Amino acid sequence: MAARPRDDADRLQGRLSRAGRALAGGGGADRVAEALRDLVADGALVPGTRLPEDATSASLGVSRNTLREAFRLLAREGLLQHELHRGVSVRTLSAADVADLYRFRRVLEFAAIDGPHGPLALQRVRAAVEDGRAAGRAGDWDGVASANSRFHSAVVALAGSPRMDESMRHLLAELRLAFAAAGDPRPFHEPYLEDNARLAEHLEAGERGRAGRLLAAYLDRAEAQLLAAHG
């Protein structure tokens with residue numbers, strides 16, 4: 001049975017309150033933006049969700065001025081939008097947004113698999129594969145989606161570049177909006193569970209050419225699937 005709007009609102013309120021407790025009253029605009037970005041990346045903030053200033057600042061335990069600055073930061077990243085007389089809400093991405101995200105995604109992921117890969121970084125890739133498989137066995141498709149994000153974040157982390165890592169975090173948050181707008185997460189993530197495993201195997205074996213060819217086909221297929229869902 002589908003969740004009722006009141007249930008969704010209560011869950012979101014709970015997530016915002018937990019994020020506020022994590023900030024522990026010491027949240028500047030950057031930390032507040034990070035907390036909200038994480039909620040987008042986790043699927044807690046979906047396209048169209050409104051974020052009223054008073055209620056959101058109270059839930060997070062921050063001032064309205066701090067919240068407004070966080071909103072501005074996230075609007076520049078393409079996660080939020082401000083509409084006259086409607087306030088701030090989570091953005092709904094267009095097909096053009098999706099295509100541009102995949103252009104940038106290819107730059108990051110292909111650059112990462114082409115460099116040297118340390119054992120600890122490869123362990124993060126493998127751990128994300130196993131997390132995704134476990135979530136799939138449990139029928140937790142939102143969990144699979146989150147594990148998939150961790151997998152691709154771990155792939156980019158192979159490059160050892162904090163700037164690339166930060167760019168990937170922003171990109172994956174936007175992609176979560178694209179997947180949320182497409183509906184049921186299972187068709188968009190189940191087919192890629194074993195592709196992630198195969199890609200991890202190629203990387204662990206130092207087979208960069210095979211990894212690159214698999215990744216190219218993977219991203220082409222995923223982009224086409226998501227663009228079709230966006231009409």
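Treat the numbers as computed from the prediction; the structure is a model and nothing was measured.
- Under a 4.5 Å side-chain heavy-atom cut-off, the cluster of Ile, Leu, Val, Met, Phe, Trp and Tyr residues that includes Trp141 is completed by Val144, Leu193.
- To the nearest 0.5 Å, atoms CD (Glu77) and CZ (Arg37) are separated by 4.0 Å.
- A salt bridge (Lys or Arg N to Asp or Glu O under 4.0 Å) check over residues 55-64, counting only residues at least two apart or in different chains, returns the pairs Glu53-Arg64, Asp54-Arg64.
- Contacts of Ala128 classified as side chain to side chain contact (heavy atoms under 4.5 Å, CB included), with partners at least two apart in sequence or in another chain: Arg150, Phe151.
- In this structure, CD in Glu207 is found 11.0 Å from CG in Leu214, a value given to the nearest 0.5 Å.
- Using a 4.5 Å heavy-atom threshold, the side chains of Arg126 and Glu201 count as touching.
- Checked by atom type and distance alone, the side chain of Thr56 pairs as donor or acceptor with a backbone atom of Pro52 at under 3.5 Å.
- Taking every heavy atom of both residues into account, Ala135 and Gly143 meet most closely at CB-C, 3.8 Å.
- Two residues are said to be in side-chain contact when any heavy atoms from C-beta on lie closer than 4.5 Å; Val88 and Gln81 fail this criterion.
- Under the 4.5 Å side-chain criterion, counting only non-hydrogen atoms from C-beta, Leu172 is in contact with Ser153.
- Residues Val129 and Arg133 form a side-chain contact, since some pair of their non-hydrogen atoms from C-beta on lies under 4.5 Å apart.
- Residue pairs meeting the salt bridge (Lys or Arg N to Asp or Glu O under 4.0 Å) criterion with at least one partner in residues 219-231, sequence neighbours excluded, are Arg106-Asp220, Arg106-Glu223, Asp195-Arg221.
- Nearest approach of Leu203 to Ala211, heavy atoms of both residues: CD2-CB, 3.9 Å.
- In the hydrophobic cluster analysis, where Ile, Leu, Val, Met, Phe, Trp and Tyr join through side-chain heavy atoms closer than 4.5 angstrom, Leu79 is grouped apart from Leu73.
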Next item on the list: Kindly indicate, with the supporting measurements, whether the criterion side chain to side chain contact (heavy atoms under 4.5 Å, CB included) is fulfilled by Val46 and Leu177.
Entry: CA-CA 6 Å; Val46 299; Leu177 294 181; 5.9 Å; no
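- Heavy atoms only, all atoms of each residue included: Arg124 and Ala157 are closest at NH1-CB, 3.3 Å.
- Arg91 places a side-chain N or O within 3.5 Å of a backbone atom of Gly78 that can act as its donor or acceptor partner.
- Note that CZ of Phe110 and CZ of Arg105 are 10.0 Å apart. Values are rounded to the nearest 0.5 Å.
- Rounding to the nearest 0.5 Å gives a distance of 9.0 Å between CG of Leu39 and CZ of Arg18.
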Margin query: Would Ser89 and His82 count as a side chain to side chain contact (heavy atoms under 4.5 Å, CB included) here? Give the steps.
Written below: CA-CA 7 Å; Ser89 62; His82 185 277; over 6 Å; no
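- Between Ser146 and Arg176 the shortest side-chain heavy-atom distance falls below 4.5 Å.
- For the atom pair Glu69 CD and Asp30 CG, the distance stands at 8.0 Å (nearest 0.5 Å).
- Of the possible donor and acceptor atoms, none in the side chain of Asp42 sits under 3.5 Å from a partner among the backbone N and O of Ala44.
- In this structure, the side chain to side chain donor-acceptor pair (under 3.5 Å) partners of Asp100, at least two apart in sequence or on a different chain, are Arg103.
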Next item on the list: Determine, step by step, whether Leu215 and His202 satisfy the side chain to side chain contact (heavy atoms under 4.5 Å, CB included) criterion, reporting the C-alpha distance in whole Å, the side-chain angles of both residues, the deciding distance to 0.1 Å, and the verdict.
Entry: CA-CA 11 Å; Leu215 181 63; His202 290 321; over 6 Å; no
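- With contacts defined as side-chain heavy-atom distances shorter than 4.5 Å, the pair Leu227/Tyr102 does not qualify.
- With contacts defined as side-chain heavy-atom distances shorter than 4.5 Å, the pair Glu109/Met168 qualifies.
- Put simply, the side chain of Ser167 gets close to the backbone of Arg163: a donor and an acceptor are under 3.5 Å apart.
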Using a 3.5 Å cut-off and no angle test, enumerate the donor-acceptor pairs between side-chain atoms of residues 112-123 and protein atoms at least two apart in sequence or in another chain.
unit_1: His117; atom_1: NE2; unit_2: Ala112; atom_2: O; d: 3.1
unit_1: His117; atom_1: NE2; unit_2: Ile113; atom_2: O; d: 3.3
unit_1: His117; atom_1: NE2; unit_2: Gly115; atom_2: O; d: 2.8

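- To the nearest 0.5 angstrom, Ser149 atom OG is 7.5 Å from Leu175 atom CG.
- Heavy atoms only, all atoms of each residue included: Met164 and Leu108 are closest at CE-O, 3.5 Å.
- The two residues Ala70 and Ala29 make their nearest non-hydrogen contact at CB-O, 3.6 Å.
- A side-chain N or O of Tyr192 and one of Gln225 form a donor-acceptor pair less than 3.5 Å apart.
- Side chain to side chain, His170 and Glu166 meet the donor-acceptor criterion of an N or O pair below 3.5 Å.
- Among all heavy-atom pairs drawn from Leu36 and Leu74, the shortest one is CB-CD1, 3.6 Å.
- Taking a 6.0 Å sphere around CZ of Arg72, one finds it holds more than 12 heavy atoms contributed by other residues, nucleotides or ligands.
- For the pair Asn196 and Val125, the minimum side-chain heavy-atom distance is 4.5 Å or more.
- Relative orientation of the Phe179 and His189 rings is tilted, given thresholds of 30° and 60° on the angle between their planes.
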